[in-house]
Amino acid sequence: MLKLHNTLSGKKEEFRASDGATVRMYVCGPTVYSSSHLGHARPAVVFDTLRRYLEFSGHTVKLVTNFTDIDDKIIRRAKDEGSTEREISQKYINEYFEDMDALNVGRADIYPKATEHVQEMIDLVQKLLDNGYAYRVGEADVFFRVHKFSGYGRLSGRTPDQVKEARIEPDERKENAEDFALWKAARPDEPSWETPWGKGRPGWHIECSAMSGKYLAPLPFDIHGGGQDLVFPHHENEIAQTEAAFGKPMARFWLHNGFININREKMSKSLGNVFNLRAAYESYPPAALRLFLLGTHYRTDISYTPERLKEATAGLERILDALEKAEKLGDRELNDEAEQEYESAMKHFGESMDDDLNTAAALGVLYGSIHETNLALQSGQDQAELNAIAHAKAAGAMLKVLGLPTRRSDNMLKTRSEAGAQAAAPDEALLNALGEARALARTEKAFAVSDFIRERLIELGYEIRDLPDGKFEIKRRL
RNA sequence: GGCGGCGUAGCCAAGUGGUAAGGCAAGGGUUUGCAAAACCCUCACACACCGGUUCAAAUCCGGUCGCCGCCUCCA
């Protein structure tokens with residue numbers, strides 16, 4: 001039974017889809033005004049993994065991830081570049097897809113954009129104006145009346161009074177400092193939309209309420225996910241708006257992933273340490289990044305260092321090597337003993353994943369199967385070989401759920417430069433010729449020559465391994 | 001100031017009452033012409049510190065120290 005930590009209760013709770021089969025899930029997507037960075041990769045990978053595991057466990061998942069394509073930063077960027085908001089957002093949406101595809105993040109079912117749901121937002125704000133939870137100020141500003149909503153603060157554990165005290169320079173036109181903007185009156189030179197109360201554009205939070213309500217009805221939907229920084233104010237305000245408008249809870253489970261730090265420092269523009277995904281892909285395969293991200297429980301903050309990506313890359317080598325060796329044994333039918341090995345490994349894997357998506361523990365199980373594969377492979381006995389196949393099969397199934405590659409040829413294992421330089425890759429016949437030359441040198445005991453060839457191949461990123469009977473294999477190093 | 005999180009080996013990281021998973025690194029060994037990979041062995045009487053509860057605590061309670069996040073745009 002899957003248990004998930006629900007921010008709403010602060011506890012792990014047993015998760016069941018509200019209708020028993022289909023999980024309706026909303027994960028907050030990016031504001032598309034710049035390239036995706038490490039911080040975007042974490043929620044994408046975490047919730048993609050959750051989705052995969054839910055599907056693996058027999059659920060159908062309907063996933064919605066929004067694009068915030070109108071906000072201050074996009075407007076500023078458009079001005080700076082003499083471009084339009086639409087061009088800016090589209091450019092970074094395209095990049096986002098590329099960067100997430102590389103990480104093997106499955107596409108959501110729907111990617112609603114804020115600008116394409118303005119009418120839904122207007123309707124929602126109107127509803128809140130009508131029922132007294134919102135009020136107009138000035139030209140066309142609309143605020144949410146926080147104190148009228150009794151459940152305010154339940155998610156983040158803050159009271160409206162605490163919020164009030166913390167607010168820096170609150171807009172003095174507000175009735176109360178803790179109130180937040182639903183709609184912003186139009187300013188010159190900024191995009192705006194006509195509404196019954198005047199021209200303007202949406203506040204930040206309203207889009208998620210409008211779009212999740214539209215695509216994941218009826219409320220409450222099952223899972224709402226995002227980075228932990230969104231707990232307050234974003235998600236707290238979403239809950240207030242939605243529940244005040246519809247009189248129903250918004251979502252049953254609220255899941256929040258921890259942060260990524262860079263060398264133990266917060267990643268932020270001001271520190272100049274924002275790590276773009278495409279930069280990371282230059283040197284490390286996306287699969288290594290994904291493995292690194294899954295190596296820590298999703299609610300714990302993690303610190304990125306280049307060493308850790310190297311470690312993850314080494315881990316991938318180990319995993320793929322074992323699977324390759326097992327594959328060479330061919331496709332054989334498992335007997336009872338091997339079948340049990342498989343079942344047992346998968347059971348442990350499931351237990352780890354069931355425990356609030358404990359991918360770090362699940363990786364422990366995966367490495368266990370890798371070890372068992374290697375171990376069995378070494379004995380050469382028939383039963384051992386069947387067990388090796390069983391563990392390799394289990395490892396393959398786990399990798400699939402985790403969204404990690406099972407074979408070396410997977411695109412996820414290519415760095416960006418490699419992906420771009422596909423044509424320049426030496427062909428296999430050429431590599432084999434070198435291998436044969438080296439083998440010949442070895443039989444002649446011309447070890448200076450054979451070692452020279454090996455060294456040169458390593459420099460070029462290829463590893464040559466000697467096998468029994470004078471055979472060899474050459475593999476591309478990750 | 002308010003709210004919250006964290007502190008487990010050289011590094012990373014699971015483990016939330018029953019006697020410390022796993023990965024990387026390191027050392028020794030098997031194997032090898034030498035390597036690589038794999039396998040075997042070693043690597044925390046110990047889980048920031050102090051006190052308490054308990055037959056039993058890394059795990060619960062109290063306190064101390066240290067680090068971090070949110071409260072303002074942020075994944």
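Throughout, a chain's letter reflects where its sequence line sits, starting with A, and its residues are numbered from 1. What's counted below: heavy atoms across the whole structure, side chains too, no hydrogens, waters or symmetry copies.
- Both the sub-6.0 Å distance and the 45° axial angle are satisfied by A/Lys393 relative to the ring of A/Tyr342.
- The gap from the C1' atom of B/C12 to that of B/C3 amounts to 29 Å, rounded to the nearest Å.
- Counting heavy atoms from C-beta on, the side chains of A/Leu289 and A/Tyr284 never come closer than 4.5 Å.
- Partner of A/Asp356 under the salt bridge (Lys or Arg N to Asp or Glu O under 4.0 Å) criterion, out of A/Arg299, A/Lys12, A/Lys11: A/Arg299 alone.
- Of the residues in residues 440-452 of chain A, A/Arg442, A/Phe447, A/Ser450, A/Asp451 come within less than 4.0 Å of RNA chain B through at least one heavy atom, sorted by number.
- If you take CZ of A/Arg158 and P of B/C3, they are 10 Å apart, rounded to a whole angstrom.
- Remark: aromatic rings of A/His235 and A/His205 are distant, center separation not under 6.0 Å.
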Enumerate the protein-to-nucleotides 18-29 of chain B contacts in which both atoms are nitrogen or oxygen and the separation is below 3.5 Å.
unit_1: B/G23; atom_1: N2; unit_2: A/Glu311; atom_2: OE1; d: 3.3

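- Side-chain contact annotation: A/Gln90 with A/Lys113, donor-acceptor N/O pair under 3.5 Å present.
- Regarding A/Ile474, its CD1 atom lies at a distance of 15 Å from the C1' atom of B/A37, rounded to whole Å.
- A gap of 25 Å separates the C1' atoms of B/U8 and B/C55, to the nearest Å.
- Between the CD atom of A/Glu324 and the C1' atom of B/A36 there is a distance of 14 Å, rounded to whole Å.
- Judged as a ring-ring contact (aromatic ring centres under 6.0 Å, His included), the pairs with a partner in residues 23-52 of chain A (not counting sequence neighbours) are, in order, A/Tyr26-A/His224, A/His37-A/His40.
- Heavy atoms of A/Lys325 sit under 4.0 angstrom from primed sugar atoms or phosphate atoms, though from no base atom.
- The main-chain N or O of A/Gly435 is never found under 3.5 Å from a side-chain atom of A/Asn432 such that the two would form a donor-acceptor pair.
- As judged by a 4.0 angstrom heavy-atom cut-off over every strand, A/Ile464 is placed among the base-contacting residues.
- Across B/U59 and B/C50, the matching P atoms stand 12 Å from one another, rounded to whole Å.
- Judged by distance alone with a 3.5 Å cut-off, no donor-acceptor contact links the side chain of A/Arg465 to the base of B/A37.
- Rounded to whole angstrom, the span from the CZ atom of A/Phe472 across to the P atom of B/A37 amounts to 19 Å.
- In this structure, A/Asn358 does not reach the B/A14 phosphate: none of its side-chain N or O atoms is under 4.0 Å from OP1 or OP2.
- Annotation: B/G5 and B/U19 have their P atoms spaced 27 Å apart (nearest Å).
- In this structure, CZ of A/Phe292 is placed 9 Å from C1' of B/C12, rounded to the nearest angstrom.
- Considering only the side chain of A/Leu230, B/A75 comes nearest among B/A75, B/C70, B/C73.
- To the nearest 0.5 Å, the span separating NE2 on A/His5 from OG1 on A/Thr7 amounts to 5.0 Å.
- Close placement of the A/Phe253 and A/Phe15 rings is indicated, their centers lying within 6.0 Å of each other.
- B/G22 and B/C40 have their P atoms separated by 11 Å, with the value rounded to a whole Å.
- In this structure, A/His256 reaches neither bases nor backbone, as no heavy-atom distance under 4.0 Å exists between it and the strands shown.
- The residue A/Gln378 sits close to a base: some heavy atom pair falls under 4.0 Å.
- Summarising the geometry, the separation between CZ on A/Phe259 and C1' on B/C67 is reported as 17 Å, rounded to the nearest angstrom.
- Note on A/Leu377: nothing from the nucleic acid sits closer than 4.0 angstrom, heavy atoms only.
- Note on A/Gly39: a base of the nucleic acid sits closer than 4.0 angstrom, heavy atoms only.
- One atom, CG of A/Leu467, and another, P of B/G33, lie 13 Å apart when rounded to the nearest Å.
- The distance between the ring centers of A/Tyr96 and A/Phe67 falls below 6.0 angstrom.
- With sequence neighbours left out, the side chain to side chain donor-acceptor pair (under 3.5 Å) criterion links A/Glu317 to A/Arg408.
- Under a cutoff of 6.0 Å and an axis angle of 45°, A/Arg158 and A/Phe232 form a cation-pi pair.
- For a distance-only test at 3.5 Å, the side chain of A/Asp466 qualifies as a donor-acceptor partner of the base of B/C34.
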Test log, rule side-chain hydrogen bond (donor to acceptor under 3.5 Å, both in side chains), inputs A/Thr49 and A/Arg290
CA-CA 10 Å; A/Thr49 303; A/Arg290 182 158 183 139; 3.1 Å; yes

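- If you take atom P in B/A9 and the same atom in B/A20, they sit 16 Å apart, rounded to whole Å.
- Rounded to a whole Å, the CG atom of A/Leu255 is 14 Å from the C1' atom of B/A75.
- B/A58 and B/G17 are spaced 13 Å apart, taking the P atom of each and rounding to whole Å.
- Heavy-atom distances to RNA chain B give each of A/Arg438 and A/His205 a nearest nucleotide, and the one nearer the 5′ end belongs to A/Arg438.
- A donor and an acceptor atom never sit less than 3.5 Å apart when one is taken from the side chain of A/Arg308 and the other from the base of B/C11.
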Let me check I have this right: for RNA chain B, each base becomes ., (, ), [, ] or |, based on Watson-Crick or G-U pairs with both distances under 3.5 Å. What is the full string?
((((((((.[[[..)..(...]]].(((((.......))))).....[[[[[..)....]]]]])))))))....

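- When each of A/Tyr298 and A/Asp229 is assigned the nucleotide of RNA chain B with its nearest heavy atom, A/Tyr298 is the one assigned upstream, toward the 5' end.
- Separation of the P atoms belonging to B/C45 and B/C60 is 22 Å when rounded to the nearest angstrom.
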Which donor-acceptor pairs under 3.5 Å do side chains of residues 99-107 of chain A form with protein atoms, sequence neighbours excluded?
unit_1: A/Asp99; atom_1: OD1; unit_2: A/Arg278; atom_2: NE; d: 3.1
unit_1: A/Asp99; atom_1: OD1; unit_2: A/Arg278; atom_2: NH2; d: 2.9
unit_1: A/Asp99; atom_1: OD2; unit_2: A/Arg278; atom_2: NE; d: 3.4
unit_1: A/Asp101; atom_1: OD1; unit_2: A/Arg107; atom_2: NE; d: 3.1
unit_1: A/Asp101; atom_1: OD2; unit_2: A/Arg107; atom_2: NH2; d: 2.8
unit_1: A/Asn104; atom_1: OD1; unit_2: A/Arg52; atom_2: NH2; d: 3.4
unit_1: A/Asn104; atom_1: ND2; unit_2: A/Gly403; atom_2: O; d: 3.1

